[in-house]
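Let me begin by presenting the structure, written as structure tokens, before commenting on it.
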Amino acid sequence: MTGIPRSLRPSGSGTRVRRTVLGALAGVAALLATGVTATPASAAPDPGAVAPSARERALAFWTPQRMREATPLDVLSVDRSDVRASAPRKGRATVVAPSSPAAEPGLLAIPNGGAPWTGGGAVTKTAGRVFFTYQGRTASCSGNAVTSANKSTVITAGHCVKLEGAWHTNWVFAPGYHDGQTPYGTWTASKTLSTPQWTASEDINYDIGAAVVAPLDGKKLTDVVGGQGLAFNTGYNKAMYAFGFPAAAPYDGEKFIYCSGTTYRDFLLSSDHGLTCDMTGGSSGGPWFTRFDEATGTGLQSSVNSFKYNFLPNAMYGPYFGADAQNLYQSAQSS
């Protein structure tokens, strides 16, 4: 049976979000979100489109102080009573290469349950913090720039573009963020998207979002920071690295944190990947990589930080990148 968690609590905060079942649609709330589903060209106005004037306001809005003070929309927390959501649709295994060449992957720091990333490499430029306004307050997530036809695509979590039925506003991406600095600029979203299942009912198996960012100073995103590769429909039980900017205690959002290990398929609520990882709120939307090479900091993005079970605080879960994740990527890169 499919359904929605009856209670969802952002870990690291005292609030508890309660939702009702939306008909027979599967839905599960997630971490942080601002986005819009991919819709046919014939569909009526895309709610994810952002006007140039709104992008200018967002850029002016996100001062260094506001970034430091942004509240992490925490990782989704799920109770034992939550029912199983729908399984992701599968498709043909597909790999998109990173924008810069990678050497043979080397697994040098597996396993790790959460520590500052000191390895350098491309990931320190492609990954970054996501900032937006949610329910009248400033909030943060994580995201990652990927190889794309438009050179402007960021992958994040679905709840980092839309949450509790509301699309986030003032959405920006700060690649390479560290210690209050944005060395590669602040990029405003011209469009945010999510999977149809997340947009319609916030189904936990489809907690994947994307943003198309506008050029900055006449340049496109991946021309400045590069882009990671992607992998779709490549199976479970993989050696993976997860990255993010956790901002809830014991973290403060100023450091780039990673976890690594061999993933497993969630045997409880979802069809997600599971990984031992102590990252907290603010890490939502951060990339998971297969074939990650520590020497170059490149890999194939295969998931994002999505949720935790409140009775398994040291395990992070990320959605399976199946057919709908691939369709979302195609919609974003062709925008």
Side-chain angles (χ1 to χ4, degrees), residues 9-13 30-32 68 70-78 105-130 139-144 155-157 159-160 174-180 207 228 237-266 268 270 272-294 297 299 301-319:
R9 177 181 57 81
S11 61
S13 73
L31 301 80
L32 311 169
R68 287 182 180 276
T71 302
L73 273 185
D74 249 328
V75 179
L76 175 67
S77 182
V78 177
L107 305 176
L108 306 180
I110 282 185
N112 190 292
W117 176 251
T118 59
V123 70
T124 63
K125 297 176 66 175
T126 63
R129 291 188 75 180
V130 169
S140 70
C141 271
S142 301
N144 182 61
I155 299 295
T156 185
H159 64 262
C160 294
Y177 180 97
H178 66 89
D179 302 302
D207 182 22
Q228 296 286 355
N237 306 312
K238 302 286 187 178
M240 288 197 191
Y241 285 67
F243 292 86
F245 292 84
Y251 300 106
D252 62 4
E254 299 302 308
K255 302 297 183 185
F256 191 37
I257 305 299
Y258 84 103
C259 299
S260 60
T262 300
T263 62
Y264 55 90
R265 182 170 180 170
D266 180 20
L268 295 171
S270 74
D272 283 19
H273 302 283
L275 177 67
T276 299
C277 186
D278 71 358
M279 281 195 277
T280 60
S283 66
S284 297
W288 292 33
F289 297 106
T290 53
R291 294 182 58 187
F292 184 76
D293 176 23
E294 288 194 354
Q301 184 164 353
S302 304
S303 188
V304 296
N305 295 318
S306 177
F307 79 92
K308 288 189 168 189
Y309 291 107
N310 58 13
F311 49 91
L312 294 173
N314 293 322
M316 179 74 78
Y317 293 85

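What you are looking at is a predicted structure, and each value in this text was computed from that prediction instead of being measured. Counting begins at 1 with the first residue of the sequence.
- With sequence neighbours left out, Ser303 forms a side chain to side chain donor-acceptor pair (under 3.5 Å) with no residue at all.
- Considering every non-hydrogen atom in both Cys277 and Met316, the closest pair reads CB-CB, 3.8 Å.
- Nearest heavy-atom pair, Ile155 versus Gln301, reported as atom, atom and distance to 0.1 Å: CG2-NE2, 3.5 Å.
- Considering CG of Asp207 and OG1 of Thr156, their distance stands at 8.5 Å, rounded to 0.5 Å.
- Looking at every heavy atom in both residues, Pro313 comes nearest to Lys308 through O-NZ, 2.8 Å.
- To the nearest 0.5 Å, the span separating OH on Tyr241 from CZ on Phe289 amounts to 12.0 Å.
- The backbone N or O of Gly121 sits nowhere less than 3.5 Å from a side-chain atom of Glu294 that would complete a donor-acceptor pair.
- Looking at every heavy atom in both residues, Trp288 comes nearest to Val304 through NE1-C, 3.4 Å.
- Taking CG of Leu268 as the reference point, atom OH of Tyr317 lies at 6.0 Å (rounded to 0.5 Å).
- Using a 4.0 Å cut-off between charged side-chain N and carboxylate O, Asp272 and Arg265 make no salt bridge.
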Could you go step by step and tell me if Phe292 and Trp117 meet the ring pair (Phe, Tyr, Trp, His ring centres under 6.0 Å) rule? CA-CA 13 Å; Phe292 184 76; Trp117 176 251; 5.8 Å; yes
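- Among all heavy-atom pairs drawn from His273 and Ser302, the shortest one is NE2-O, 4.2 Å.
- Between Ser260 and Asn112, the side chains place no donor N or O within less than 3.5 Å of an acceptor N or O (distance only, hydrogens not considered).
- Distance OG1/Thr263 to CE/Met240: 4.5 Å, rounded to 0.5 Å.
- To the nearest 0.5 Å, atoms CG (Asn305) and CE (Met279) are separated by 4.0 Å.
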Could you pull out every donor-acceptor pair under 3.5 Å between side chains of residues 242-254 and any protein atom, sequence neighbours left out?
residue, atom, partner, partner atom, Å
Tyr251, OH, Asp278, OD1, 2.8
Asp252, OD1, Glu254, N, 3.0
Glu254, OE1, Tyr177, OH, 3.1
Glu254, OE1, Gly180, N, 2.6
Glu254, OE2, Tyr177, OH, 3.0

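- Nearest heavy-atom pair, Ser142 versus Gly282, reported as atom, atom and distance to 0.1 Å: OG-O, 2.8 Å.
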